A.B. asks: 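Here it is: the structure, laid out below.
Within every chain, numbering begins at 1; the chains are lettered A, B, ... in the order of the sequence lines, protein sequences first and strands thereafter. A quick note: this is a predicted structure, and the numbers were derived from the prediction, not measured.
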Protein chains: 2
Amino acid sequence: MIILSKLADYGVIIATHLAAFPARQVNATTLAAETRLPQATVAKVLKALAHAGLVSAARGATGGYRLARPATAISVAEVVAAIDGDIGLTQCSVHVEDCARTTYCPTRPHWSAINRAVGEALSAVSLDAMLTPAAFIRGISLSPNPSQSDEHRFSA
Amino acid sequence: MIILSKLADYGVIIATHLAAFPARQVNATTLAAETRLPQATVAKVLKALAHAGLVSAARGATGGYRLARPATAISVAEVVAAIDGDIGLTQCSVHVEDCARTTYCPTRPHWSAINRAVGEALSAVSLDAMLTPAAFIRGISLSPNPSQSDEHRFSA
DNA sequence: TCTATTACGTACCAGTTTGGTACGAATTGG
DNA sequence: CCAATTCGTACCAAACTGGTACGTAATAGA
């Protein structure tokens, strides 16, 4: 199962790329080329980020985007939420009223604890941290071919 | 955004329900009625759980399903993985080879730490724990209308 | 001040995945 | 031998995601 949508993944890549050059104002086309992402999709992601106030947009001939706040003050959770909406484990976590089993479902109250753990994991990492070498976060190999490591896959 | 698929959510509900009556062998139709879930969907979920070895299926006239292991020895993560597959934050977490940006994408190594946090959050909760009152896990209100609480929603 | 260039923002369309259903094959107890 | 029950496969519909195209707004230069 994949937790993050492609767009949310792109959003983190784009935001991190912006964080790498804080003072620069860059347009969507250039950003797309530098990140190797489709131009139109990048524009769509940037729009969502701008709407959430994470990046500021300047129009006109010399316009472009830049981060609205320092990279240390923007968490991955914010970027993901800007694109995919609030984070919730189950349907009833986000739309409580839609669940017909509200009165007797025994499992529902327990999701909140797991929900919180996920949210905190995403909130704990800032864009700035995404730029630092991975080794600073955990003992992750920086080998050229990280697929040798099992770190990226979680198996029960 | 919703992290768990509906089927995975159903899977936890069904597995928890089975855990509530450990010795009983029950068929899919009865299980569907008791959980208020569509019969055909329950059968599909049970098939996935049986395939993963979490429940044992008995065929024939007096057949049915039961947990293959004690409820304390089955984690929510296993149930989810049985239905939705391995847990991964991003596409490249599960299918590393599919990512064309492998060589220069700076964000990828960092996902593993978040991945691990999510996996541990799901692994830490057993089916047995899902049956105990929520208050034992965190200070969650047990009021008849839990929607009054904000615990279920995570906002950045 | 006008015009042309540049880029943002919105609306629309196609593909894929997920959720749900129905039918047939196999197995066991009476 | 028959009936009941489950497993397994194949199929269909709906929702969502991803991608594209077009219109609108703003600025720089003349």
A.B. asks: By the 4.0 Å heavy-atom rule, please label A:Ala40 as base, sugar-phosphate, or nothing.
C.D. replies: base
A.B. asks: I want to confirm an ordering. Mapping A:Ala8 and B:Ala57 to their closest nucleotides on DNA chain D, which one lands closer to the 5' end?
C.D. replies: B:Ala57
A.B. asks: Treating B:Gln39 as the side-chain partner and B:Ala32 as the backbone partner, does any N or O pair qualify as donor plus acceptor under 3.5 Å?
C.D. replies: no
A.B. asks: Over how many whole Å does the gap from A:Gln25 atom CD to C:dT6 atom P extend?
C.D. replies: 16 Å
A.B. asks: Counting side-chain heavy atoms from C-beta on, which of D:dT20, C:dC8, C:dG19 comes nearest to A:Ala28?
C.D. replies: C:dC8
A.B. asks: Checking all strands, does B:Ala43 fall into the base, sugar-phosphate, or nothing category for heavy-atom contacts under 4.0 angstrom?
C.D. replies: nothing
A.B. asks: Taking any heavy-atom pair under 4.0 Å as a contact, classify B:Leu46: base, sugar-phosphate, or nothing.
C.D. replies: nothing
A.B. asks: May I have the distance from B:Leu4 (atom CG) to C:dG19 (atom P), rounded to whole angstrom?
C.D. replies: 10 Å
A.B. asks: When you match A:Ala61 and A:Ala50 each to their closest nucleotide on DNA chain C, which lands nearer the 5' end?
C.D. replies: A:Ala61
A.B. asks: Check every atom of C:dT21, C:dC8, C:dG19 against the side chain of A:Asn27 and return the nucleotide holding the closest atom.
C.D. replies: C:dC8
A.B. asks: Answer whether the closest heavy-atom distance between the side chains of B:Val42 and B:Leu46 falls below 4.5 Å.
C.D. replies: yes
A.B. asks: Report yes if at least one side-chain N or O of B:Tyr10 is closer than 4.0 Å to OP1 or OP2 of C:dG20; otherwise report no.
C.D. replies: yes
A.B. asks: Where the side chain of A:Pro38 is defined as all heavy atoms beyond and including C-beta, which of C:dT21, D:dT20, C:dG19 is the nearest nucleotide?
C.D. replies: D:dT20
A.B. asks: What is the separation between atom CG on B:Leu37 and atom C1' on C:dG19, rounded to the nearest whole Å?
C.D. replies: 12 Å
A.B. asks: Check whether any side-chain heavy atom of A:Ile83 lies under 4.5 Å from a side-chain heavy atom of A:Leu49, and answer yes or no.
C.D. replies: yes
A.B. asks: State which of D:dA28, C:dG9, C:dG19 makes the closest approach to the side chain of B:Leu7.
C.D. replies: C:dG19
A.B. asks: Rounded to the Å, how far apart are A:His51 NE2 and C:dC8 P?
C.D. replies: 17 Å
A.B. asks: Okay, side chain of A:Glu78, backbone of A:Ser75: is any donor-acceptor separation there less than 3.5 Å?
C.D. replies: yes
A.B. asks: Measure the distance from CD1 on B:Ile83 to C1' on C:dT18 and round it to the nearest whole Å.
C.D. replies: 13 Å
A.B. asks: Is any side-chain N or O of A:Tyr65 closer than 4.0 Å to OP1 or OP2 of C:dG9?
C.D. replies: yes
A.B. asks: Atom NZ of A:Lys6 to atom P of C:dG15: distance rounded to whole Å?
C.D. replies: 15 Å
A.B. asks: Can you find a donor-acceptor N/O pair under 3.5 angstrom joining the side chain of A:Lys44 to the base of C:dG9?
C.D. replies: no
A.B. asks: Looking at C:dA7, C:dA26, C:dG20, which one has an atom nearest to any side-chain atom of B:Arg59?
C.D. replies: C:dA26
A.B. asks: According to a strict under-4.0 Å criterion, is A:Lys47 in side-chain N/O contact with OP1 or OP2 of C:dT10?
C.D. replies: yes
A.B. asks: Is the shortest side-chain heavy-atom distance between A:Leu54 and A:Arg69 below 4.5 Å?
C.D. replies: yes
A.B. asks: Distance check needed: D:dT5 C1' versus B:Leu31 CG, whole Å only.
C.D. replies: 15 Å
A.B. asks: Would you say a side-chain N or O of A:Thr41 is under 4.0 Å from OP1 or OP2 of D:dG19?
C.D. replies: yes
A.B. asks: Take atom CZ of A:Arg66 and atom P of C:dC8, then tell me their distance rounded to the nearest Å.
C.D. replies: 13 Å
A.B. asks: Measuring only between side-chain heavy atoms, which start at C-beta, is A:Val26 closer than 4.5 Å to A:Phe21?
C.D. replies: no
A.B. asks: Please state whether the phosphate of D:dT27, meaning OP1 or OP2, lies under 4.0 angstrom from any side-chain nitrogen or oxygen of A:Thr62.
C.D. replies: no
